[in-house]
Structure formats: structure tokens, C-alpha cells
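Below is one structure; the comments refer to it alone.
Heads up: numbering here begins at 1 and tracks the sequence.
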Amino acid sequence: MSDRIKLEGITVNAPDALVLAQFYAEITGGVVRGTSHWASVSGPNGVLSFQQVDDFRAPQWPGNDVPMQMHLDFLVEDLEATGQRVLAAGAKLLDFQPNSDHCYVYADPAGHPFCLSTWDTETATTGTSS
């Protein structure tokens with residue numbers, strides 16, 4: 001036995017877990033498994049799961065009436081082309097764009113904000129890329 005901890009995935013609340021999993025599978029090329037109550041997307045870079053919540057309320061961006069407690073970041077090469085693809089899959093481009101030089105903020109079909117960014121984690125945390 002070991003006391004190591006390995007991140008297995010992230011679970012996001014949704015009004016319908018399967019519908020939201022299908023959206024993320026479409027934009028990432030992942031594979032969906034599950035039901036409307038619990039579903040997961042397995043893709044080339046990990047697993048993202050969704051759980052159905054009866055009283056789900058979409059987060060408000062950038063307001064705090066329903067606070068955003070987390071958001072997903074996706075690394076892309078071409079913001080415009082990838083943005084068109086996520087819009088076609090059912091995303092919505094949000095009005096408030098604080099970093100539009102390298103990042104666009106969208107809402108998924110359940111209203112969760114997510115970002116498409118040309119900055120990887122190292123660039124975002126240090127201001128320089130390797």
C-alpha cells in the first residue's frame with residue numbers, strides 16, 4: 001500500500017450528465033460512457049465526468065449571483081478555428097473576455113464557463129514559454 005494520491009479526473013455538476021458529456025466528447029474527440037445521471041468522457045488527455053444535479057443553476061460569468069467555482073482550460077493552436085468548432089457543437093461565446101489576446105471564454109450547454117487558450121500552464125504561471 002502507498003499513500004500516494006493520483007488525480008483520476010474531474011466531476012462537474014450538470015442538469016443532464018449525458019448531454020454535457022456528449023458536448024465535451026465532441027469538442028475533445030473523447031469517448032462517452034454513462035447515463036443522464038452519471039457520465040464520463042475519456043479522451044487523449046484524461047477523464048472528465050458529469051453528475052446530474054436536480055436543482056442545477058448555471059454559474060454567472062463574470063457575476064457572482066451563482067458563483068463559478070471552477071472552469072476548464074483547453075490548450076489550442078488556433079483560437080478562431082477552434083472557437084468556430086465549439087460554437088458549432090453548442091457552446092456560447094461569453095460577452096466578458098478579459099484576456100482575448102490569448103484566450104476566449106465560452107459557456108458549455110449547461111452554462112459552465114470554459115476557456116480556449118493559446119497559453120499553456122507554464123506560460124500562464126510564469127509569463128514565458130519553454
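To the nearest 0.5 Å, atoms OH (Tyr104) and SG (Cys115) are separated by 12.5 Å. Rounding to the nearest 0.5 angstrom, the gap separating the OG atom in Ser40 from the CD1 atom in Ile10 is 12.0 Å. The distance from the CH2 atom of Trp61 to the NE2 atom of His112 is 14.5 Å, given to the nearest 0.5 Å. Residue Leu75 holds its CG atom at 10.0 Å from CG of Leu116, rounded to the nearest 0.5 Å. To the nearest 0.5 Å, atom CZ of residue Phe50 and atom CG of residue Asp16 are 11.0 Å apart. Thr11 OG1 to Leu48 CG: the interatomic distance, rounded to the nearest 0.5 Å, is 8.0 Å.
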Please evaluate residues Arg57 and Asp65 with respect to the criterion side-chain contact (heavy atoms from CB on, under 4.5 Å), reporting the C-alpha separation (whole Å), side-chain torsions for both, the decisive distance (0.1 Å), and the verdict. CA-CA 10 Å; Arg57 293 186 315 146; Asp65 291 338; over 6 Å; no
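Considering only residues two or more places apart in sequence or on other chains, His37 meets the side chain to side chain contact (heavy atoms under 4.5 Å, CB included) condition with Thr35, Gln52. With sequence neighbours left out, Gln51 forms a side chain to side chain donor-acceptor pair (under 3.5 Å) with Asn13.
Val66 and Leu94 fall into different hydrophobic clusters, where Ile, Leu, Val, Met, Phe, Trp and Tyr residues are linked whenever their side-chain heavy atoms come under 4.5 Å apart, directly or through other members. The cluster map of Ile, Leu, Val, Met, Phe, Trp and Tyr, joined by side-chain heavy atoms under 4.5 Å apart, puts Leu18 and Val41 in the same cluster. Val76 and Val86 fall within a single hydrophobic cluster, where Ile, Leu, Val, Met, Phe, Trp and Tyr side chains are chained together by heavy-atom contacts under 4.5 Å.
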Let me have the donor-acceptor pairs involving side chains of residues 21-34, under 3.5 Å, with sequence neighbours excluded, atom names and distances please.
| unit_1 | atom_1 | unit_2 | atom_2 | d |
| --- | --- | --- | --- | --- |
| Tyr24 | OH | Asp108 | OD2 | 2.7 |
| Thr28 | OG1 | Tyr24 | O | 2.7 |
| Thr28 | OG1 | Gly30 | N | 3.4 |

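Counting heavy atoms from C-beta outward, Ser36 and Val19 have side chains that stay 4.5 Å or more apart. The shortest side-chain heavy-atom distance between Tyr106 and Leu87 falls under the 4.5 Å cut-off.
Annotation: Asp95, atom CG; neighbour count of heavy atoms from other residues, nucleotides and ligands within 6.0 Å does not exceed 12.
Across all non-hydrogen atoms, the minimal contact from Phe114 to Ala91 is CZ-CB, 3.9 Å. The two atoms that bring Cys103 and Leu79 nearest to each other are N-CD1, 3.8 Å, heavy atoms only. Here the closest heavy-atom approach between residue Trp38 and residue Ser49 is recorded as CZ2-CB, 3.7 Å. The two residues Glu80 and Asp78 come nearest to each other via the heavy atoms N-OD1, 3.0 Å.
Of the options Ser100, Ser117, Pro98, a side-chain contact (heavy atoms from CB on, under 4.5 Å) to Val105 is made by Pro98 and by none of the others.
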